> 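I have a structure I would like to understand better, so I am pasting it below and will then ask my questions one at a time.
It should be emphasised that the depicted structure is a prediction, and the values quoted were computed from it without experimental measurement.
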Number of protein chains: 2
Amino acid sequence: MMRISEAAQHSGLSSKMIRHYEDVGLIQAAARTEAGYRQYSSAQLEQLGFIRHARSLGFSIAQIRDLLQLRDNPHRASREVKQLALQHLQELDQRMLALKKMQAMLNDLVARCAGDDSPDCVIIDELSEPGVTGNE
Amino acid sequence: MMRISEAAQHSGLSSKMIRHYEDVGLIQAAARTEAGYRQYSSAQLEQLGFIRHARSLGFSIAQIRDLLQLRDNPHRASREVKQLALQHLQELDQRMLALKKMQAMLNDLVARCAGDDSPDCVIIDELSEPGVTGNE
DNA sequence: TTGAACCTTCCCATAGTGGTAAGGTCAAGC
DNA sequence: GCTTGACCTTACCACTATGGGAAGGTTCAA
């Protein structure tokens, strides 16, 4: 059993976030010492590591909630896990697409802007135009 | 002079956000009718359109603050505008890089997961491993 | 005069993370 | 035994950008 700061160090999360995850019910409330200090077992450490991994892949807390349930369900079908992952991949794709559009438009503007001492600036001009920008 | 909902329609922003932008000082407080209704001129409409364009390119409110100042400064150097745009492009790049990493890792996991009725699942297994995920 | 469609301000919610403040606890050193 | 520093606790507030809703005022037309 270890305290929260150790659990944080070993899991790669912050103490703050571990408490937060408990608050929002992503993890069960940790056991407490008589003084009220949270205590973490190695099983809980693994869970925290799982969460950090999932977060680093961009899964939301809600998605991780589902992932944890699957993780803890010995009768799961890997199909369900894969389904969640594929769904998340789609979200990542959409985000990428949005970023790419921005990048393309901005790159174009930047290329056409002299970038000198003159006040004439395509970027300002185009942002000022009533036309669309491709994101609505 | 038009009311906020018309200004919203013409600019592509929501009434809500126009008020918000006023709150945070991105735009000057609009004139009011005797009854307290906000009134927008065509010059202000252009400014709102500018903001929407900039937002659709992913510029933050803080960045748009700077862009608006440059827009309104006849003595600006386009270099400064370009500088802001390039900086934002870098941020977009970083975000895209992060997404790409996630995509790559997740794609790999998904490819190695059977996705059938069996509980065996590479995704769960790898998320459970103590190893790194490449994002820390 | 009444009702619909506006408008106002104010508060709350989202997602995830960090900061900080006020207070309790534990262990080491004097 | 007492102090000190490093930890812990809870409870707020902040960020970004946006939306929802409530409670109440206004405008205009039927």
> Please state whether the base of D:dG21 and the side chain of B:Lys16 form at least one donor-acceptor pair under 3.5 Å?
yes
> Please confirm whether the shortest side-chain N or O distance from A:Arg55 to OP1 or OP2 of C:dG16 is below 4.0 Å.
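For A:Arg55, the contact criterion (side-chain N or O under 4.0 Å from OP1 or OP2 of C:dG16) is met.
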> Given 3.5 Å as the limit, does a donor-acceptor pair link the side chain of B:Glu46 with the main chain of B:Ala43, or not?
no
> With a 4.0 Å cut-off on heavy atoms, is B:Ser15 in touch with a base, just the backbone sugar-phosphate, or nothing at all?
nothing
> Any side-chain heavy atom of B:Leu70 sitting closer than 4.5 Å to one from A:Ile123?
no
> According to a strict under-4.0 Å criterion, is A:Arg65 in side-chain N/O contact with OP1 or OP2 of C:dA15?
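Negative; the distance criterion is not met.
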> Under 6.0 Å from the CD atom of B:Gln9, do we count more than 12 heavy atoms belonging to anything else shown?
no
> Shorter than 3.5 Å, N or O on both sides, protein versus nucleotides 26-30 of chain D: list them out with atom names.
residue, atom, partner, partner atom, Å
D:dT26, O4', B:Tyr37, OH, 3.0
D:dT26, O2, B:Tyr37, OH, 3.4

> Using C1' atoms of five pairs at each end, report the bend of the helix from C:dT1-D:dA30 to C:dC30-D:dG1 rounded to 10 degrees.
40°
> Is there a side-chain polar atom (N or O) of B:Tyr21 under 4.0 Å from OP1 or OP2 of D:dT18?
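Yes.
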> Compare side-chain N and O positions of B:Ser5 against OP1 and OP2 of C:dC7 and report whether any pair is under 4.0 Å apart.
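Yes, B:Ser5 has a side-chain N/O under 4.0 Å of OP1/OP2 on C:dC7.
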> CE of B:Met17 versus P of D:dG20: gap in Å, rounded?
12 Å
> Considering only NZ, NE, NH1 and NH2 on the basic side and carboxylate oxygens on the acidic side, decide whether B:Arg19 and B:Asp23 come within less than 4.0 Å.
no
> Would you indicate, yes or no, if D:dT10 has its OP1 or OP2 atom less than 4.0 angstrom from a side-chain nitrogen or oxygen of A:Arg32?
yes
> Do you know which two heavy atoms are closest between B:Lys82 and A:Gly115, and how far apart they sit?
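Of all heavy-atom pairs spanning B:Lys82 and A:Gly115, the closest is CD-CA, 3.7 Å.
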> Applying a 4.0 Å non-hydrogen cut-off, can you work out what A:Arg38 is touching in the nucleic acid: base, sugar-phosphate, or nothing?
sugar-phosphate
